[in-house]
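Working notes for the structure below.
Any value given below was found using the heavy atoms of this structure, including those in side chains, with hydrogens, waters and symmetry copies removed. Residue numbers start from 1 in every chain, and the chains themselves are labelled A, B, ... in the order their sequence lines are given, proteins ahead of strands.
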Protein chains: 2
Amino acid sequence: MSSEPVPPPPWRRSANKSARPHLSVATIVAAALRVMDAEGLDAVSMRRVAQDLGTGAASLYAHVRNKQELHELILEEVFRGLEVPTPDPRRWQEQLKELIGQTTRIMLARPGTAQISLQTMIPMRPGTLAAMDATLGILRCAGIPDQIADYAADALALYGTAYAYEASLWPSSEAGQAEARRRITEIEEYLSTLPADRFPHLLAMMRRPFHEENGSERFEFALDIFIAGLAKYADPGLTE
Amino acid sequence: MSSEPVPPPPWRRSANKSARPHLSVATIVAAALRVMDAEGLDAVSMRRVAQDLGTGAASLYAHVRNKQELHELILEEVFRGLEVPTPDPRRWQEQLKELIGQTTRIMLARPGTAQISLQTMIPMRPGTLAAMDATLGILRCAGIPDQIADYAADALALYGTAYAYEASLWPSSEAGQAEARRRITEIEEYLSTLPADRFPHLLAMMRRPFHEENGSERFEFALDIFIAGLAKYADPGLTE
DNA sequence: TTCTACTCGCGAACAGTGTTCGTGTCAAGA
DNA sequence: TCTTGACACGAACACTGTTCGCGAGTAGAA
């Protein structure tokens, strides 16, 4: 490309924004979310976000430490809409299911969020902390002992996030979905090639028709099983 | 760096390998694993692997389609050592726990593997398929209905992988661990700053001493809970 | 033995990435 | 009006995955 130093473009300074583009953490996060919604998390590069704001990548670093920090800020913004219930001991099971379901739905609605959440080792911002606190609140309200509540909340959050992540891997484009279906038939053919007793159960599973599920059945089932296993630690006196 | 075309280095052609470096899928995967074990998955770039074989990145593409395929081949190689039990209905719970535990331990032993496994939407190679088939085998042997066994096997695999991934995010270097601890105290201080009733359960959790666990307690607990919840679908006639 | 054909290694290039440095410009305070 | 300091930002650095085309080496045919 042209490598000689280009003179400052005269049309930007006065047209697009008021002299200065007025960058701030909020505008940067908003731009990043815009890009993520439109083109996916992979497209959320510093350059791409800056371009959306009509500036260069270097400008972002005055407001945001890292790309990692930008990611965390996206996560925080997305979890803003989370509604936490006030714990009711008698309804702890459905409240728990609803809360974890809600966080997972939020992530599913914005593919890319789950990936950030999984990669962010220690969540440090209000939105994500609120979800964790609410989960713990419901469990403790049901009389579940402290340590068990800690472990259970961790496992629930991890499973929900992992489920959302896995689901968001599924390509959204028509071409990508066709490719994925091609790979599935490929693997079915491969399994049929092998001696029938090599992977018998897997083969049987892939032949079952409901294998192509369309809802959150799989997710809700796992949640139900886990909560059922958890129920024996709840205090019958509290949960009636 | 020096950018003029360097003449072919005379010492390689005859010394290192027999005229040609004798590349193959096996040698490439071995080199990739070497790099991953030594420097982590992030270091496993095409150039880095090629360098380890004394060649250039382009040479790898004759044997491996993609970086993605190279990743899958690594996964396959790592899961080679998996030992699958012959299902025994009366011991299905411990067999299940042991199998999932084993796959998770394999991934924990090689940080980076979990990430590959999570990113590989549809596993297509014998090693990973064998793990799935064995899980299904144990469940069906216990008399658990087909669809439930399918969902349960999926959930177990997903949770185990996610757990291993989360654990492998923890930095291995001394400096990285110090940084992580710093972040944890940072978040503790932040929580203490807020009104005590903002995140009360979270605050209480972080103050509990066993919060810094050192084993697989958390993982085994979640597994136990899930299996307990699953037990009601097992056939009492089979499992005695 | 000579010549041809074909496989496969591989340098260079392309279009991207995160991040830093140093310069330049603008607006508000003295 | 002058100065100061905050902020915008072009260019550069060291990377990344992947493709193209050349060229060397080997194996088979004449």
### Query
When the ring planes of Phe219(A) and Tyr159(A) are compared, do they come out parallel, tilted or perpendicular, using 30° and 60° as the limits?
parallel
Please set out all donor-acceptor pairs under 3.5 angstrom arising from side-chain atoms of residues 118-126 of chain B, sequence neighbours excluded.
unit_1	atom_1	unit_2	atom_2	d
Thr120(B)	OG1	Ile116(B)	O	2.7
Arg125(B)	NE	Glu72(B)	OE1	3.4
Arg125(B)	NH2	Glu72(B)	OE1	3.3

Quick one: side chains of residues 23-34 of chain B, donor-acceptor pairs under 3.5 Å with protein atoms, not counting sequence neighbours, listed by atom name and distance.
unit_1	atom_1	unit_2	atom_2	d
Ser24(B)	OG	Ala26(B)	N	3.4
Ser24(B)	OG	Thr27(B)	N	3.3
Ser24(B)	OG	Thr27(B)	OG1	3.3
Thr27(B)	OG1	Ser24(B)	N	2.9
Thr27(B)	OG1	Ser24(B)	O	2.9
Arg34(B)	NE	Asp52(B)	OD2	3.1
Arg34(B)	NH2	Asp52(B)	OD2	3.0

Given atom [atom1] of [X] and atom [atom2] of [N], what is their separation to the nearest angstrom?
| X | N | atom1 | atom2 | result |
| --- | --- | --- | --- | --- |
| Leu60(A) | dG10(D) | CG | C1' | 14 Å |
| Ile28(B) | dC8(C) | CD1 | P | 12 Å |
| Gln51(A) | dG10(D) | CD | P | 12 Å |
| Leu41(B) | dG17(D) | CG | P | 11 Å |
| Leu23(A) | dA6(D) | CG | P | 17 Å |

Give every pair of a protein N or O atom and an N or O atom of nucleotides 16-19 of chain C that lie under 3.5 Å apart, one pair per line with the distance.
unit_1	atom_1	unit_2	atom_2	d
dT17(C)	OP1	Ser45(A)	OG	2.9
dG18(C)	OP1	Lys67(A)	NZ	2.9
dG18(C)	OP2	Met46(A)	N	3.1
dG18(C)	N7	Arg47(A)	NH1	2.7
dG18(C)	O6	Arg47(A)	NH2	3.0
dT19(C)	OP2	Tyr61(A)	OH	2.9
dT19(C)	OP2	Lys67(A)	N	2.9
dT19(C)	O5'	Tyr61(A)	OH	3.4

### Ser117(A) (side chain) donor-acceptor with Thr113(A) (main chain) under 3.5 angstrom
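Such a contact is absent between Ser117(A) side chain and Thr113(A) backbone.
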### Query
Between the main-chain N or O of Gly127(B) and the side-chain N or O of Glu76(B), is there a donor-acceptor pair closer than 3.5 Å?
yes
### Query
Do the side-chain N or O atoms of Ser59(B) get closer than 4.0 angstrom to the phosphate oxygens (OP1, OP2) of dG9(C)?
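So the side chain of Ser59(B) is outside the cut-off, no N or O lying under 4.0 Å from OP1 or OP2 of dG9(C).
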### Query
Is any side-chain N or O of Thr55(B) closer than 4.0 Å to OP1 or OP2 of dC10(C)?
yes
### Query
Is there side-chain contact between Arg207(B) and Ser192(B), with at least one heavy-atom pair below 4.5 Å?
yes
